[in-house]
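Worksheet for the structure shown next.
Start at 1 with the first residue, then count along the sequence. Quick note: numbers below take in every heavy atom, side chains included, and nothing from hydrogens, waters or symmetry partners.
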Amino acid sequence: RRPRSIAVVSASSGEGKSTISAALAWALASVGEQVTIVDADLRRPTLHKSLHSRLSPGIGSADQLPVDRLVQQTPLATLRLLSAGVANRHPAEVLRANLPLVLSALQDETVVIDCPPIEGFAETGTIATMARSVILVIDRRRNDLLDVERSLALLQERRADVLGIVINRS
């Protein structure tokens, strides 16, 4: 079974999950897969900068505009971006309402979701539950085995299907 939506999460901020998300989406699109990368980190969005695109409109407006009007083309024909946009209410509330709309509209393609960190952000567990699969990114220099176990336990509590772990900067 091929995952159609993959959430990329990290234990805390600064571990490289946005870079891994962009690299994964680019790699899948490079081999002909139709991919949309979604910046679901509404507090600290970065993908629009990495892909030289606009911040807004984005997922924050998915309840007001059709998803096909929110996605932006990238230099790679098979890769599109749905940036974070500007949230008009709490990020967890925005994502709980808008992410199902986005995933439904993009059900025929692969969706890579760049999530906020697990620690301190309620919406990450919600995103992990909505996505078919999860990849955990760990910065080896900043985390020990206990941090990895704690993050995996939180994902398993949410019944997330963990595809694997990327150990960054090892």
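- Residues in residues 93-104 take part in these side chain to side chain donor-acceptor pair (under 3.5 Å) pairs, two or more places apart or across chains: Arg89-Glu93.
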Hey, mind stepping through Glu119 and Ser12 against side-chain hydrogen bond (donor to acceptor under 3.5 Å, both in side chains) and telling me if it holds?
CA-CA 6 Å; Glu119 291 179 11; Ser12 57; 5.0 Å; no
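- A chain of hydrophobic side-chain contacts below 4.5 Å, direct or via other Ile, Leu, Val, Met, Phe, Trp or Tyr residues, connects Leu99 to Val94.
- With contacts defined as side-chain heavy-atom distances shorter than 4.5 Å, the pair Val9/Ile135 does not qualify.
- Between Asp63 and Leu101, the closest side-chain pair of non-hydrogen atoms falls below 4.5 Å.
- Side-chain atoms of Ser21 come within 3.5 Å of backbone N or O of Lys17 as a donor-acceptor pair.
- Counting all heavy atoms, side chain and backbone alike, Gly16 lies closest to Asn168 at CA-ND2, 3.6 Å.
- With a 4.5 Å cut-off on side-chain heavy atoms, Val8 and Val137 count as touching.
- Between Ile59 and Leu42 the shortest side-chain heavy-atom distance falls below 4.5 Å.
- Residues satisfying the side chain to side chain donor-acceptor pair (under 3.5 Å) test with Ser56, not counting sequence neighbours, are none.
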Under the side chain to side chain contact (heavy atoms under 4.5 Å, CB included) criterion, do Leu136 and Val166 qualify, and how do the steps go?
CA-CA 6 Å; Leu136 176 63; Val166 173; over 6 Å; no
Starting from the C-alpha separation in whole Å, work towards a yes-or-no answer on side chain to side chain contact (heavy atoms under 4.5 Å, CB included) for Leu95 and Ile127.
CA-CA 8 Å; Leu95 290 166; Ile127 297 166; 3.7 Å; yes
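- Taken together through direct or relayed side-chain contacts under 4.5 Å among Ile, Leu, Val, Met, Phe, Trp and Tyr, Leu55 and Leu65 form parts of separate hydrophobic clusters.
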Full working for side chain to side chain contact (heavy atoms under 4.5 Å, CB included) between Arg43 and Glu123
CA-CA 11 Å; Arg43 290 180 179 88; Glu123 61 267 28; 2.2 Å; yes
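- Atom CZ of Arg44 has 12 or fewer heavy atoms from other residues, nucleotides or ligands within 6.0 Å.
- A 4.5 Å side-chain heavy-atom check between Glu15 and Pro117 finds every atom pair outside the cut-off.
- In terms of heavy atoms, Ser18 sits closest to Asp114 at OG-OD2, 2.6 Å.
- Of the inter-residue distances, the one linking Ile167 atom CD1 with Asp139 atom CG reads 10.5 Å to the nearest 0.5 angstrom.
- The CD1 atom of Ile118 sits 4.0 Å away from atom OG of Ser151, with the distance rounded to the nearest 0.5 Å.
- Listed for the Asp39 side chain is no donor-acceptor partner under 3.5 Å among the backbone atoms of Pro45.
- Side chains of Asp41 and Thr46 form no contact here, defined as non-hydrogen atoms less than 4.5 Å apart.
- A side-chain donor from one of Thr110 and Glu33 sits under 3.5 Å from a side-chain acceptor of the other.
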Side-chain donor-acceptor contacts of residues 66-77 below 3.5 Å, not counting sequence neighbours, with atom names and distances?
{"unit_1": "Gln72", "atom_1": "OE1", "unit_2": "Arg54", "atom_2": "N", "d": "2.9"}
{"unit_1": "Gln72", "atom_1": "NE2", "unit_2": "Arg54", "atom_2": "O", "d": "2.9"}
{"unit_1": "Gln72", "atom_1": "NE2", "unit_2": "Ser83", "atom_2": "OG", "d": "3.4"}
{"unit_1": "Gln73", "atom_1": "NE2", "unit_2": "Leu76", "atom_2": "O", "d": "3.2"}
{"unit_1": "Gln73", "atom_1": "NE2", "unit_2": "Ala77", "atom_2": "O", "d": "3.0"}
{"unit_1": "Gln73", "atom_1": "NE2", "unit_2": "Leu79", "atom_2": "O", "d": "3.2"}
{"unit_1": "Thr74", "atom_1": "OG1", "unit_2": "Leu76", "atom_2": "N", "d": "3.3"}
{"unit_1": "Thr74", "atom_1": "OG1", "unit_2": "Leu76", "atom_2": "O", "d": "3.1"}
{"unit_1": "Thr74", "atom_1": "OG1", "unit_2": "Leu79", "atom_2": "O", "d": "2.6"}

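- Here Arg80 pairs with Glu109 in a salt bridge; the nearest charged N to carboxylate O distance falls below 4.0 Å.
- At least one donor-acceptor pair closer than 3.5 Å links the side chain of Ser53 to the backbone N or O of Leu51.
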Just do the side chain to side chain contact (heavy atoms under 4.5 Å, CB included) check on Leu103 and Ile113 with the steps written out, would you?
CA-CA 10 Å; Leu103 292 175; Ile113 307 165; 4.1 Å; yes
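- Both Leu163 and Leu28 belong to a single network of hydrophobic side chains, linked directly or stepwise wherever heavy atoms of I, L, V, M, F, W or Y lie under 4.5 Å apart.
- For the residue pair Arg132 and Ser5, no side-chain donor N or O sits within less than 3.5 Å of a side-chain acceptor on the partner.
- Residues Val35 and Leu81 are members of one and the same hydrophobic cluster, defined by side-chain heavy-atom contacts under 4.5 angstrom among Ile, Leu, Val, Met, Phe, Trp and Tyr.
- Residues Ile138 and Arg169 are not in side-chain contact: their nearest non-hydrogen atoms beyond the backbone lie 4.5 Å or more apart.
- Under the 4.5 Å side-chain contact rule for hydrophobic residues, Met130 and Ile6 do not share a cluster.
- Proximity of a side-chain donor or acceptor of Thr36 to a complementary backbone N or O of Val111 within less than 3.5 Å is not detected.
- No donor-acceptor contact under 3.5 angstrom links the side chains of Gln34 and Thr78, judged on distance only.
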